[in-house]
Peer 1: 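One structure follows; several queries about it will come next.
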Amino acid sequence: HHQQLQGKSLERLSRYWQNQFKQKPPLLELPYDKERPRVQTYSGEDVSFHISTVHTTKLRNIASQYQATLFMVLLASVNTLIFHYTGQTDITIGTPTAGREHSDLEDQIGLYLNTVALRTLFSEKNTFSQLLHLVKNVTMEAYAHQQFPFDRLIDQLNIKREASRHPLFDVMIDMLNLLHINDTGKNPINR
């Protein structure tokens with residue numbers, strides 16, 4: 001991993017991410033039910049839910065129709081929801097990545113986790129299918145450049161840090177597909 005993050009490879013990854021955030025992303029202005037604390041406490045809640053087989057099938061059909069993944073449909077849906085509450089069309093959402101891009105890393109023990117910031121810029125006039133197409137491109141490009149360490153990106157962007165919020169995003173999503181465990185007992189996370 002360290003060998004891959006040197007020289008031209010590191011420069012290419014760095015350029016990509018700096019280009020994604022050359023304009024500082026706007027703060028997410030979600031409606032809050034109480035005043036934001038001066039120092040972020042991380043005392044929020046996790047929201048987990050089960051999607052029925054019928055709805056999962058419909059979502060998979062949408063993903064298939066647009067040659068996207070179920071995760072991309074979820075991300076486009078969350079962007080739509082955030083737009084509904086904020087009216088914002090420049091939305092950055094964080095997601096964890098496994099950090100195991102190379103097949104030699106699949107069976108190793110250890111945490112290779114990295115965070116990727118998925119920034120989607122769209123128009124309020126976009127249809128859901130247009131938004132899904134944008135999200136698909138954003139996601140595929142971000143995953144192609146996911147090796148760049150997130151903490152290094154934050155340092156390079158030189159964003160003034162506020163103790164009350166994350167420097168790039170206030171919403172983070174992940175999708176764990178527990179129903180598709182293969183015969184080796186491994187859970188291939190479907191993105």
Peer 1: Check whether any side-chain heavy atom of Leu157 lies under 4.5 Å from a side-chain heavy atom of Leu168, and answer yes or no.
Peer 2: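 Yes, at least one pair of side-chain atoms sits under 4.5 Å.
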Peer 1: Between the side chain of Glu11 and the main-chain N/O of Lys8, is any donor-acceptor distance below 3.5 Å?
Peer 2: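 No, because the side chain of Glu11 does not come within donor-acceptor range (under 3.5 Å) of the backbone of Lys8.
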Peer 1: With no hydrogens and no angle check, is any side-chain donor or acceptor of Lys136 less than 3.5 Å from a backbone partner on Met72?
Peer 2: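 Answer holds: no.
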Peer 1: Determine, using the 4.5 Å side-chain heavy-atom cutoff (strictly less than), whether Ile62 and Val54 are members of one ILVMFWY cluster.
Peer 2: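 They do not share one cluster, since no chain of ILVMFWY contacts under 4.5 Å joins Ile62 to Val54.
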Peer 1: Do Asn114 side-chain atoms and Gln146 backbone N/O form a donor-acceptor pair below 3.5 Å?
Peer 2: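 Answer holds: yes.
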Peer 1: Between Thr86 and Glu29, what is the shortest heavy-atom contact and its length?
Peer 2: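 Closest approach of Thr86 to Glu29: CG2-O, 3.4 Å.
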Peer 1: When you measure from the side chain of Asn126 to the backbone of Ser123, do you find a donor-acceptor pair of N or O atoms at a distance under 3.5 Å?
Peer 2: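 Between the backbone of Ser123 and the side chain of Asn126 there is a qualifying donor-acceptor contact (under 3.5 Å).
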Peer 1: Using modelled atom types only, decide if a donor and an acceptor are shared between the side chain of Thr89 and the backbone of Leu121 within a distance under 3.5 Å.
Peer 2: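 The answer is no, because no donor-acceptor pair under 3.5 Å joins these two groups.
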Peer 1: Within the distance-only criterion (no hydrogens, no angle test), does the side chain of Ser64 pair as donor or acceptor with the backbone N or O of Arg60 below 3.5 angstrom?
Peer 2: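 Not confirmed, Ser64 side chain does not pair with Arg60 backbone.
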Peer 1: Are Val78 and Leu30 connected in a single hydrophobic cluster, I mean Ile/Leu/Val/Met/Phe/Trp/Tyr linked by side-chain heavy atoms less than 4.5 Å apart?
Peer 2: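 Linked, Leu30 and Val78 end up in one cluster.
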Peer 1: Side chains of Gln156 and Gln18: is there a donor and an acceptor less than 3.5 Å apart?
Peer 2: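 Side-chain D/A pair, Gln156 to Gln18: present.
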Peer 1: Should Phe83 and Leu81 be regarded as members of a common hydrophobic cluster, given that ILVMFWY residues are connected when their side-chain heavy atoms come within less than 4.5 Å of each other, either directly or indirectly?
Peer 2: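 The answer is yes; both residues are in one hydrophobic cluster.
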Peer 1: Please determine, by modelled atom types, if Lys58 and Asn61 share a side-chain donor-acceptor pair under 3.5 angstrom.
Peer 2: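 Lys58 vs Asn61: no donor-acceptor pair found between side chains.
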Peer 1: Quick one: ring-ring contact (aromatic ring centres under 6.0 Å, His included) partners of His166, sequence neighbours excluded?
Peer 2: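 By the ring-ring contact (aromatic ring centres under 6.0 Å, His included) rule, His166 matches Phe150, Phe169.
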Peer 1: Would you check, one step at a time, whether the test side-chain contact (heavy atoms from CB on, under 4.5 Å) holds for Thr115 with Thr97?
Peer 2: CA-CA 6 Å; Thr115 299; Thr97 61; over 6 Å; no
Peer 1: Is there a path of hydrophobic side-chain contacts, each under 4.5 Å between heavy atoms of I/L/V/M/F/W/Y residues, joining Leu131 to Tyr85?
Peer 2: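 Yes, Tyr85 connects to Leu131 through the hydrophobic network.
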Peer 1: Can you confirm whether Thr92 sits close enough to Phe21 that some side-chain heavy atom of one is under 4.5 Å from a side-chain heavy atom of the other?
Peer 2: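 Side-chain contact under 4.5 Å: yes.
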Peer 1: Indicate the atoms forming the closest heavy-atom contact of Arg165 with Tyr32, along with that distance.
Peer 2: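 Taking Arg165 first and Tyr32 second, the nearest heavy atoms are NH2-OH, 3.7 Å.
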Peer 1: I need the minimum non-hydrogen distance between Leu13 and Ala144, along with the two atoms involved.
Peer 2: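 Residues Leu13 and Ala144, closest heavy atoms: CD2-O, 4.5 Å.
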Peer 1: Kindly give the heavy-atom pair with the smallest separation between Val116 and Ala142, and that separation in Å.
Peer 2: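 Scanning both residues completely, I find the closest heavy atoms to be CG1-CB, 3.5 Å.
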Peer 1: So how far is it from Gln40 CD to Ser164 OG, rounded to the nearest 0.5 Å?
Peer 2: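 Between Gln40 CD and Ser164 OG, I get 7.5 Å after rounding to 0.5 Å.
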Peer 1: Could you go through the side-chain contact (heavy atoms from CB on, under 4.5 Å) check for Thr95 and Met172 one step at a time?
Peer 2: CA-CA 5 Å; Thr95 190; Met172 190 166 193; 5.5 Å; no
Peer 1: Find the distance between CZ (Phe128) and CZ (Phe122) and round it off to the nearest 0.5 Å.
Peer 2: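 It comes to 11.0 Å.
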Peer 1: Trp17 side chain to His145 main-chain N or O, any donor-acceptor pair under 3.5 Å?
Peer 2: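 Confirmed, Trp17 side chain pairs with His145 backbone.
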Peer 1: Is there a donor-acceptor contact under 3.5 Å from the side chain of Asp90 to the main chain of Pro25?
Peer 2: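 Side chain of Asp90 to backbone of Pro25, a donor-acceptor pair under 3.5 Å: no, none is there.
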Peer 1: To the nearest 0.5 Å, what is the distance between OG (Ser14) and CG (Leu153)?
Peer 2: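 If we round to the nearest 0.5 Å, Ser14:OG and Leu153:CG are 8.0 Å apart.
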Peer 1: At what distance, to the nearest 0.5 angstrom, does CG of Leu75 lie from CG of Leu70?
Peer 2: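 Going from the CG atom of Leu75 to the CG atom of Leu70 covers 12.0 Å.
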Peer 1: Test of understanding: with ring-ring contact (aromatic ring centres under 6.0 Å, His included), list the residues that count as partners of Tyr66, not counting sequence neighbours.
Peer 2: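 If we apply the ring-ring contact (aromatic ring centres under 6.0 Å, His included) test to Tyr66, skipping adjacent residues, there are no hits.
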Peer 1: Check Asp174 against Leu74 and note the closest heavy-atom contact, atom names and distance.
Peer 2: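 Heavy atoms of Asp174 and Leu74 come nearest at O-CD2, 4.4 Å.
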Peer 1: Evaluate side-chain contact (heavy atoms from CB on, under 4.5 Å) for Thr69 paired with Val73, printing each intermediate quantity in order.
Peer 2: CA-CA 7 Å; Thr69 65; Val73 174; over 6 Å; no
Peer 1: Kindly indicate whether the side chain of Val171, heavy atoms from C-beta on, has any atom under 4.5 Å from the side chain of Ile82.
Peer 2: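 SC-SC contact between Val171 and Ile82 confirmed.
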Peer 1: Are Leu27 and Ile93 in one and the same hydrophobic cluster, where Ile, Leu, Val, Met, Phe, Trp and Tyr link if side-chain heavy atoms are under 4.5 Å apart?
Peer 2: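 Per the 4.5 Å side-chain linkage, Leu27 and Ile93 are not co-clustered.
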Peer 1: Specify the closest pair of heavy atoms between Phe148 and Leu10, including all atoms of both residues, with the distance to one decimal.
Peer 2: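 Reported closest heavy-atom pair: CE1-CD1, 3.5 Å.
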Peer 1: If we ignore hydrogens and angles and just use 3.5 Å, is the side chain of Arg119 paired with the main-chain N or O of Gln20 as donor and acceptor?
Peer 2: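 Looks like yes, one N/O pair under 3.5 Å.
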